[in-house]
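Remember, predicted model here, so these are calculated numbers, not experimental data. Residue indices begin at 1 and follow the sequence shown.
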Amino acid sequence: MVLNSNRVEHFSSGHETSAAAATIAISGDAMPPLETHEVCLPPHKTTLQKLRQRLSEIFFPDDPLHRFKNQTWFRKLLVGLQFFFPIFQWATSYNFNLLRSDVISGLTIASLAIPQGISYAKLANLPPIVGLYSSFVPPLIYSVLGSSRHLAVGPVSIASLVMGTMLSEAVSSTEEPILYLQLAFAATFFAGLFQASLGFLRLGFVIDFLSKATLVGFMAGAAVIVSLQQLKGLLGIVHFTSKMQLIPVLSSVFHQRNEWSWQTIIMGVSFLVFLLTTRQISMRRPKLFWISAASPLASVILSTILVVCLKSKVHGIKTIGHLPKGLNPPSSNMLYLHGPYLALAIRTGIVTGILSLTEGIAVGRTFAALKNYQVDGNKEMMAIGLMNMAGSCSSCYVTTGSFSRSAVNYNAGARTVVSNIIMATAVLVTLLFLMPLFYYTPNLILAAIIITAVIGLIDYQAAIRLWKVDKLDFLACISSFLGVLFISVPLGLAIAVGVSIFKVLLHVTRPNTAALGNIPGTQIYQNLSRYKEAVRVPSFFILAVESPIYFANSTYLQERILRWIREEEEWIESNKDSNMKCVILDMTAVTAIDTSGIDTISELRKMLEKRSLKLVLVNPVGSVMEKLHQSNILESFGLEGLYLTVGEAVADISSSWKAHS
């Protein structure tokens, strides 16, 4: 074997040998001559070039600057504006037909956003008016910065639940309402700062640790807890637990039976059945989406009218009460940026930020795929982050793209983010003129709206698929679900993320290896246990490693390979087959290697050499080949130690043995 700066060449007596000897031994059929190809090194690059390429692949896999290439300065300025402010991409081609579609969809989602905004604010233990504030400013900002055409922005149930749970553990929203509000705004600010930083630094892969399996379990558990918490409103209970675990909530429900109000129960259950029925109708007939979209607002109006008409006869139904009119008041002076609860605000902001970011990007990409356009994840992070930072200074709490509202927006025919502007305009009219109408709106209708919204988060079919496809994913799902139900929402999420990370570490530290055999009549080598027609090659043991080889798994791989060889020798002895002479390591799937991995291969070669076994490497990828070359380990493998394919290795080594026999 000769090494130079560009390639590694094989020089052997049988360079133009054929695979006949090896193939005849396998199937008895002669094969055409098989040429032995060279295994080349990748083109030479300096350390700086390698670093630049690697950083580019890590942080800029989509090459966001490709639009700026070969452009004039004016064109670059225009492209830059479109890149940072997507509104400039579609504003120039906007027309009346698009506006008509957006107005219809905007008014439709407004009918859903107004009652949901009030309901989710109460879920976060915030004044109901904050939910409406959060449905006004953030959608306007997102319409300028966001790249999704169908994302409907506003408060969401999961982020509201998590914020309410985490803040209530340290501060009571009833005993210290001002401090609680300050912490909520501060948490929103830190959530936005965290989100925008991830987008700016292009670190979006951080949220990938929240796998789909984790989210399925987490959202189902959160939905159950949220629904049970709403029994307070549906049953008319006044003194209810603030805890968010299953047992304390159920215990509080039954211990406070003396506070149950039959009037509240009858009205609450009736509206809940109505809302669930309209939801089922829209699910079975998507064209009737407007029924479920309009039903929450219709329920609010109808329940308010009923309470007004029956207020002299029914005294046990609690209502929202006074809501102030007017635009969002500034709240930058209320941000809690120093003091003993600062760590709580930061922690709450990061957790709610991750959850809302995950939901928003997932929803945006879902509807983008349906309409065949692309959503830039990093730009979305910046848009959602800046939206929340601005919202925290205008009396808003954490917002993101809601799946239920976005689905309605999509089905209503939204064409651009102008639908968010229309929705915000409708909320503005409500804030300025319609607030007094909510005075007699009963709390029970808010509870019914929340239950109807979150029940869709329980995706049992996804859990069944996880069980069928990947038991470890199902474990992450069920761990998240049970953790949320019985421990707490944040710890349930932490357990689920821990299980997901454990799964990653398990795959990294315990990679797959497989013994390969030849499919007769071909030069194809596949897993012996998977392909029953594949047969062993006499005197050869072919093993594939299906992962990078580095410090985290090098010891395991060495032990596993030696075990493979021992088991193969036992099989040979029991089947009276020809003795093993050569071990071929197929490195096609080894995408990377470090010094520990190189040392492992070197030690393995020495150990096999002492047992009169030859170790051969096949098809190392460019970066692996380069490191093997730089470490000088290839010199110890000799002339027949490195090949491009398994077939070439078998043919060349077999012919070499024949030549020496």
Side-chain angles (χ1 to χ4, degrees), residues 1-19 21-22 34-42 513 515-516 518 523 525 537-546 548-549 554 557-558 560-562 564-565 568 579-661:
M1 186 192 307
V2 178
L3 296 173
N4 60 34
S5 61
N6 294 316
R7 63 182 62 185
V8 180
E9 300 180 356
H10 288 285
F11 295 97
S12 64
S13 58
H15 182 73
E16 294 189 357
T17 60
S18 77
L34 184 67
E35 183 182 355
T36 304
H37 296 86
E38 301 167 350
V39 181
C40 298
L41 285 166
T513 52
L516 306 183
N518 178 259
Q523 290 298 325
Y525 292 80
V537 182
S539 303
F540 289 90
F541 177 56
I542 307 165
L543 188 67
V545 178
E546 300 175 350
I549 304 176
S554 58
L557 281 174
Q558 179 176 310
R560 189 67 185 93
I561 291 171
L562 291 174
W564 271 114
I565 294 171
E568 185 68 10
N579 292 332
M580 186 193 306
K581 296 180 183 179
C582 179
V583 176
I584 297 178
L585 204 61
D586 186 355
M587 301 179 70
T588 302
V590 179
T591 55
I593 195 168
D594 67 358
T595 53
S596 297
I598 293 172
D599 290 342
T600 295
I601 290 177
S602 179
E603 291 172 13
L604 189 62
R605 184 197 63 79
K606 293 175 183 177
M607 295 170 71
L608 296 181
E609 194 175 60
K610 291 178 181 178
R611 297 164 60 174
S612 300
L613 293 174
K614 181 181 184 62
L615 179 64
V616 173
L617 306 181
V618 167
N619 195 28
V621 299
S623 59
V624 174
M625 183 65 203
E626 186 175 27
K627 290 186 179 180
L628 292 174
H629 171 50
Q630 291 172 344
S631 67
N632 298 322
I633 188 179
L634 295 176
E635 296 177 359
S636 62
F637 277 80
L639 297 175
E640 299 172 346
L642 185 65
Y643 291 88
L644 188 61
T645 69
V646 174
E648 291 180 7
V650 171
D652 193 53
I653 295 171
S654 297
S655 62
S656 175
W657 288 342
K658 284 205 167 192
H660 289 88
S661 61

Would you give the length of the straight line joining atom [atom1] of [X] to atom [atom2] of [Y], rounded to the nearest 0.5 angstrom?
X    : Y    : atom1 : atom2 : value
L604 : I561 : CG    : CD1   : 5.0 Å
S602 : L634 : OG    : CG    : 10.5 Å
C582 : L613 : SG    : CG    : 8.5 Å
I633 : L628 : CD1   : CG    : 6.0 Å
S596 : L557 : OG    : CG    : 11.5 Å
I584 : D586 : CD1   : CG    : 9.0 Å

Give a yes or no answer on whether the side chain of K627 reaches the backbone of I593 with a donor-acceptor pair at less than 3.5 Å.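 Between the backbone of I593 and the side chain of K627 there is a qualifying donor-acceptor contact (under 3.5 Å).
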For the backbone of A651 and the side chain of S655, can you confirm whether one donor and one acceptor N or O come within less than 3.5 Å of each other?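 Yes.
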Going by heavy atoms in the side chains, are [X] and [Y] under 4.5 Å from each other?
X    : Y    : value
Y525 : V537 : yes
R611 : L562 : yes
Y643 : I653 : yes
V590 : L585 : no

Identified side-chain contact (heavy atoms from CB on, under 4.5 Å) counterpart of S554 within the set D594, D599, T600: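 Running side-chain contact (heavy atoms from CB on, under 4.5 Å) over D594, D599, T600 with S554 returns exactly one hit, T600.
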Tell me, please, which residues at least two apart from E568 pass side-chain hydrogen bond (donor to acceptor under 3.5 Å, both in side chains).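 If we apply the side-chain hydrogen bond (donor to acceptor under 3.5 Å, both in side chains) test to E568, skipping adjacent residues, the hits are R536.
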Mind checking side-chain hydrogen bond (donor to acceptor under 3.5 Å, both in side chains) for E609 and listing every partner two or more places apart, or none if nothing turns up?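 For E609 the side-chain hydrogen bond (donor to acceptor under 3.5 Å, both in side chains) partners, ignoring immediate neighbours, are R605.
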Could you go through V624 and M587, starting from their C-alpha distance and side-chain angles, then the distance that decides it, and tell me whether this counts as side chain to side chain contact (heavy atoms under 4.5 Å, CB included)? CA-CA 9 Å; V624 174; M587 301 179 70; 3.9 Å; yes
Nearest heavy-atom pair of [X] and [Y]: which atoms, and what distance?
X    : Y    : result
T591 : P548 : OG1-CG, 3.3 Å
T588 : N619 : OG1-ND2, 3.1 Å
A515 : L543 : N-CD1, 3.9 Å
M625 : P620 : SD-CG, 3.7 Å

Before giving the answer on side chain to side chain contact (heavy atoms under 4.5 Å, CB included), spell out for V650 and I542 the whole-Å C-alpha distance, their side-chain angles and the decisive distance to 0.1 Å. CA-CA 9 Å; V650 171; I542 307 165; 4.3 Å; yes
